[in-house]
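By convention in this document, chain letters (A, B, ...) are assigned in the order of the sequence lines, proteins followed by strands, and residues within each chain are numbered from 1. Just so it is clear, the model here is predicted, and its values are computed rather than measured.
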2 protein chains.
Amino acid sequence: MKRENRQNDKAALAVEKLKNIGLRATPQRVAILAFLEGNTSHPSAEQIYEALKSEMPSLSLGTVYNTLDELVQRGELQELAISPTRKHVDPNPDPHYHFLCEGCGRIYDFPGTLHTEEIEEATKGFRVQKYAVYLYGICPACNQEDSDRSSSWCAS
Amino acid sequence: MKRENRQNDKAALAVEKLKNIGLRATPQRVAILAFLEGNTSHPSAEQIYEALKSEMPSLSLGTVYNTLDELVQRGELQELAISPTRKHVDPNPDPHYHFLCEGCGRIYDFPGTLHTEEIEEATKGFRVQKYAVYLYGICPACNQEDSDRSSSWCAS
DNA sequence: ATAATTGCAAAAGCTTTGCACGGAA
DNA sequence: TTCCGTGCAAAGCTTTTGCAATTAT
């Protein structure tokens, strides 16, 4: 019941958002936008498609790509080039940093703002319109696994 | 004459470098490394291939990819994911920022160091091993063109 | 000699595109 | 009713891979 309401809220929000930016509120777009609402997993198009096709079997991957493109162009979400092989999206369009764990592939949000004034003397004449900061390494969960593995390796 | 010597120097440097990192000094690798030496254009694999195939017609694109992979793995150069469609390489492996001009597609180097301590409280438990900072906007040359265009548009 | 490397071509991903049908406004 | 959006399938691009022939050491 609660879950249903949450879903309805997200769907309503999605419809609203789509109308605001001048896009038709099709079931596909609503489903995609509702899925992304408050989602911090930074999914790829494929992952969104996989997540939604059970509740909407007719959905096609092409539509996911098209919808994401529209939403990116209208500034509703940002595209991440943090993975070397796949694009991911972040429903939070505000600038912040991202961390890709090389162990599990998860992408994490980090607060952080780049002060382009710091490099202003170098950027003289350059108009910086946006930026991306990508961090790479090992997340706490995978770090833990590593120590587990080394402990057992030490103990054996 | 001078140009020839410079090329020989670069080739010699390339051979040296390859031996140091335990790779056979094949003509293909030497050509690629010599081409990249001191090159600040951040070429893609395709661009390297195009630039070299006149002087080495037998060179294949696959070899360029293989060589770049080896060099990246051994830390001799870094891969840039700044373009949404293509990977580029930078022969300078030291961390710094990059700027992609949306007007002309050129990639520029910028001095700059990310102080991960700034976000240390958020990164607690995260092991940051490397990072990338990508700036997007309009470079001075394209900016100039823009004002030229608007002036003539105003004047007409 | 021999193990690494090349070139070629095919394959693999991810993403985009074209087009006829269907549905939102 | 009109035009936008969808689904499907094909095509496009960049990158990777397999393998026989070649070559650096």
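Minimum atom distance to the side chain of B/Thr26 is reached by C/dT6, of the listed C/dT6, C/dT15, D/dG5. Listed candidates were C/dA25, C/dT15, D/dT6. Nearest to the side chain of A/Arg29 is D/dT6.
Heavy-atom contacts from other residues, nucleotides or ligands closer than 6.0 Å to CD of B/Glu102 number more than 12.
Ring pair B/Tyr136/B/Tyr134 is perpendicular by interplanar angle, where above 60° counts as perpendicular and below 30° as parallel.
Remark: P of C/dT16 and CG of A/Asn66 are 9 Å apart, rounded to the nearest angstrom. Distance, A/Lys87 NZ to D/dT15 P: 12 Å, rounded to whole Å. Residue A/Arg24 contributes atom CZ, which lies 13 Å from atom P of C/dG23 at whole-angstrom precision. Rounded to whole Å, atom C1' of C/dT16 lies 13 Å from atom CD of A/Glu79. Atom CD of A/Gln47 and atom C1' of C/dG13 are 15 Å apart (whole Å). Counting to the nearest Å, the C1' atom of D/dC13 and the NE2 atom of B/His88 are 13 Å from each other. Protein atom CG of A/Leu61 is 13 Å distant from nucleotide atom C1' of C/dT17, rounded to whole Å. Atom OH of B/Tyr49 is separated from atom C1' of D/dC13 by 15 Å (rounded to the nearest Å).
Counting any heavy atom pair closer than 4.0 Å across all strands shown, B/Ser44 reaches no nucleic acid atom. Looking at heavy-atom distances under 4.0 Å, B/Pro27 makes contact with sugar-phosphate atoms alone, never a base. Within 4.0 Å (heavy atoms only), A/Ala25 reaches sugar-phosphate atoms of the nucleic acid but no base atom.
Close to C/dG13, at under 4.0 Å from its OP1 or OP2, lies no side-chain N or O of A/Thr85. For C/dC8, neither phosphate oxygen OP1 nor OP2 lies less than 4.0 angstrom from any side-chain nitrogen or oxygen of B/Ser60. For A/Tyr65, no side-chain nitrogen or oxygen approaches OP1 or OP2 of C/dT16 to under 4.0 Å. Listed pair B/Gln28 / D/dT23 fails the phosphate criterion, with no side-chain N or O lying under 4.0 Å from OP1 or OP2.
When each of B/Asp69 and B/Lys19 is assigned the nucleotide of DNA chain D with its nearest heavy atom, B/Asp69 is the one assigned upstream, toward the 5' end. Comparing B/Gly62 and B/Leu23, the nucleotide of DNA chain C nearest to each residue sits closer to the 5' end for B/Leu23.
For the pair B/Gln78 (side chain) and B/Asp94 (backbone), a donor-acceptor distance under 3.5 Å is present.
In this structure, A/Ile82 and A/Leu135 approach most closely via the heavy-atom pair CD1-O, 4.0 Å.
Within the 6.0 Å centre-distance limit, the rings of B/Phe126 and A/Phe110 are counted as a close aromatic pair.
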